[in-house]
Amino acid sequence: QAKEAGRGRYKLFDYKMTDLNVDRMALTTQLKLAVTRQEFVLHYQPIIEIESHAIVAVEALVRWQPENHALIYPNDFIEHAEETGLIHQIGTWVLEAACQQGAQWNQTLKYPLAIAVNLSAVQFENDQLAVQIADVLQRTGLRPELLHVEITETTVMKHPERTETILRDIAALGVAISIDDFGAGYSSLSYLMRFTANKLKIDRAFTQQLTERRNDQIIPTAIINLARSLNLQTVAEGVETVFQLNMLHDKGCQYAQGYLFSKPLPVDELEPLLVKHVLLEDVRGLHL
Ligand code: C2E
Ligand code: MG
Ligand code: MG
Ligand code: MG
């Protein structure tokens, strides 16, 4: 698509279309503009402690909101941002915005709330990443232990030495490190275990394998047991049913995130829930 809509401006194209060359250039142009215009917003998805059902953290998830256009989800632009290097600027904005919001919530709420931020593998090409994080924490006043950074196995495997060094520096700040989408990527387990991490986030694909069929439970159960023996906390992603939640609880998984409790929400929709410190099960009318 990407037809010119007068005066040298490109119309945002239909992301489902694959007229690749034109689309990619238009996307790069638009994404660069989006960075300068700060057309991004963060939605936050609650992470629940399974035992208490309390919200203990929220994951910041970026969305692109171009003017006069529907919201664009990360799966439709993050990869392109990584390929063009624009992820550095976007990632910086995300980190700032999330820490600022986190610091504000922690001043107004009567309980600690952690903020999880996704970091792209490309951001680890910046050897100042840990310094940048330290700086953002200092400026925003967010306590380091209330920041969780999420990285995938692929990140760890892409630039192992460099990533290991940067992660050690990030951990030294007191920031928690989560391995995101665990089980979904290709990585050497022994390799992965050399890295400083505090949490494993079980990929949605495994959570959704928790069905009545015992064979399906083998891998999620193994991941939870592995995490426990490595002293890592476990967060199950993509929890959609009460059945999955109960299974996770039985198997010793500590935290859950998913549509069962809440989708990612804009600040104005999430904030009232945080202020009242509600149990999302009550909001949703669930009987857990
Ligand atoms: P992720 O970090 O694994 O985030 C979880 C994704 O699963 C989110 O998609 C969330 O909306 C979705 N999700 C949560 N619960 C459920 C559920 O119960 N069922 C289903 N079907 N989906 C659920 P979202 O927001 O579209 O983000 C997709 C991915 O984009 C993220 O996966 C993350 O890898 C990436 N991403 C998002 N924000 C950022 C960011 O600020 N920086 C970077 N580098 N990547 C980001
Ligand atoms: Mg994540
Ligand atoms: Mg994930
Ligand atoms: Mg993912």
Side-chain angles (χ1 to χ4, degrees), residues 15 31 34-35 38-48 55 57-65 70-102 114-126 129 133 136 147-156 158 176-185 197-210 223 234-245 248 255-266 269-270 280 284 286:
Y15 292 84
L31 210 46
V35 167
Q38 306 209 331
E39 291 180 335
F40 300 99
V41 290
L42 293 178
H43 286 185
Y44 294 89
Q45 186 178 34
I47 297 174
I48 272 79
I55 302 176
V58 291
E59 179 175 1
L61 295 154
V62 71
R63 280 89 179 85
W64 176 13
Q65 177 61 86
L71 207 58
I72 303 173
Y73 286 81
N75 290 338
D76 289 328
F77 69 89
I78 289 290
E79 204 180 302
H80 193 79
E82 291 177 333
E83 286 164 11
T84 53
L86 288 166
I87 193 67
H88 288 289
Q89 285 111 295
I90 297 172
T92 297
W93 181 87
V94 167
L95 200 58
E96 288 277 345
C99 290
Q100 230 167 61
Q101 184 62 70
I115 310 292
V117 174
N118 293 284
L119 295 179
S120 153
V122 177
Q123 289 176 272
F124 284 83
E125 289 167 14
N126 166 17
L129 183 60
I133 293 174
V136 173
L147 176 63
H148 300 170
V149 297
E150 299 193 357
I151 58 163
T152 64
E153 295 165 85
T154 319
T155 300
V156 171
K158 204 167 172 185
I177 293 160
S178 307
I179 309 283
D180 203 354
D181 302 345
F182 185 77
N198 309 85
K199 297 170 202 294
L200 278 193
K201 296 192 78 173
I202 304 169
D203 191 69
R204 182 165 89 219
F206 297 112
T207 301
Q208 296 181 351
Q209 273 174 28
L210 290 169
I223 295 176
T234 40
V235 185
E237 304 192 85
V239 180
E240 294 183 355
T241 69
V242 173
F243 180 84
Q244 289 162 358
L245 185 72
L248 290 161
Y255 302 99
Q257 176 179 1
Y259 296 168
L260 176 66
F261 291 106
S262 171
K263 348 171 261 187
L265 297 172
E269 286 176 46
L270 178 64
L280 290 169
R284 301 288 315 278
L286 299 169

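All values below come from the heavy atoms of this structure, side chains included, with hydrogens, waters and symmetry mates left out. Position 1 is the first residue of the sequence; numbering continues from there. All ligand and atom numbering here is 1-based and tracks the order in the structure.
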Q: So for Lys263, does at least one of its heavy atoms come nearer than 4.0 angstrom to any atom of ligand 1?
A: no

Q: Answer yes or no: does an N/O atom from Tyr73 fall short of 3.5 Å to an N/O atom of ligand 1?
A: no

Q: Kindly confirm or rule out a cation-pi arrangement of Lys199 over Tyr255, judged by NZ or CZ under 6.0 Å from the six-membered ring centre and within 45° of its axis?
A: yes

Q: Against heavy atoms of Pro74, which atoms of ligand 1 measure under 4.0 Å?
A: 24 (P), 25 (O), 26 (O), 27 (O), 28 (C), 30 (O), 36 (N), 37 (C)

Q: Would you say Glu59 contacts ligand 1, with heavy atoms under 4.0 Å as the rule?
A: yes

Q: Taking atom CD of Glu79 as the centre, report whether more than 12 heavy atoms of other residues, nucleotides or ligands fall under 6.0 Å from it.
A: no

Q: Which value, rounded to the nearest 0.5 Å, describes the distance between Ile78 atom CD1 and Tyr73 atom OH?
A: 14.0 Å

Q: Among the heavy atoms of Glu237, does any lie under 4.0 Å from an atom of ligand 1?
A: yes

Q: Does the pair His88 and Asn126 meet the rule for a side-chain contact (heavy atoms from CB on, under 4.5 Å), with working shown?
A: CA-CA 8 Å; His88 288 289; Asn126 166 17; 4.3 Å; yes

Q: Shortest non-hydrogen contact from Val117 to Ala98?
A: CG2-CB, 3.6 Å

Q: Excluding sequence neighbours, so at least two apart, what forms side chain to side chain contact (heavy atoms under 4.5 Å, CB included) with Gln89?
A: Val35, Leu86

Q: Need the ligand 1 atom indices (1-based, order shown) with element for anything under 4.0 Å from a heavy-atom of Asn75.
A: 28 (C), 29 (C), 30 (O)

Q: If we only consider heavy atoms of Gly91, is any one of them less than 4.0 Å away from an atom in ligand 1?
A: no

Q: Regarding Ser178, does it place an N, O or S atom less than 2.8 Å from the Mg ion (ligand 2)?
A: no

Q: Within the 4.0 Å heavy-atom shell around Val239, which atoms of ligand 1 are there?
A: 18 (O)

Q: What angle, in degrees and rounded to 10°, do you get at the Mg ion (ligand 2) when you join it to OD1 of Asn118 and to OE2 of Glu59?
A: 90°

Q: What's the atom name of the N, O or S in Asp180 nearest to the Mg ion (ligand 2)?
A: OD2

Q: Would you mind running through ligand 1 and noting each atom that sits below 4.0 Å from a heavy atom of Gln45?
A: 14 (C), 15 (N)

Q: Taking only heavy atoms of Arg204 into account, list the atoms of ligand 1 that are under 4.0 Å away from them.
A: 7 (O), 12 (C), 19 (N), 20 (C), 21 (N), 22 (N), 23 (C)

Q: With heavy-atom distances below 4.0 Å as the criterion, list the atoms of ligand 1 near Pro264.
A: 11 (O)

Q: Report the part of Asn118 in contact with ligand 1, treating N, CA, C, O as backbone and CB onward as side chain, heavy atoms under 4.0 Å; options are side chain, backbone, both, neither.
A: both

Q: Please report, to 10°, the angle around the Mg ion (ligand 3) from atom OE1 (Glu237) across to atom OD1 (Asp181).
A: 140°

Q: Near Gly258, which atoms of ligand 1 are under 4.0 Å from a heavy atom of that residue?
A: 15 (N), 18 (O)

Q: Report the atom name of the nearest N/O/S atom of Glu150 relative to the Mg ion (ligand 2).
A: OE1

Q: The test is side-chain contact (heavy atoms from CB on, under 4.5 Å); show your working for Gln123 and Thr155 and say whether it passes.
A: CA-CA 9 Å; Gln123 289 176 272; Thr155 300; over 6 Å; no

Q: Excluding sequence neighbours, so at least two apart, what forms salt bridge (charged side-chain N to carboxylate O under 4.0 Å, His left out) with Glu150?
A: Lys201

Q: Would you mind finding which of Leu260, Leu61, Leu42 brings a heavy atom closest to atom 8 (C) of ligand 1?
A: Leu61

Q: Output the list of atoms in ligand 1 that are nearer than 4.0 Å to some heavy atom of Asp181, sorted by atom number.
A: 3 (O)

Q: Compare all side-chain heavy atoms of Pro74 with those of Leu61 and state whether any distance is below 4.5 angstrom.
A: no

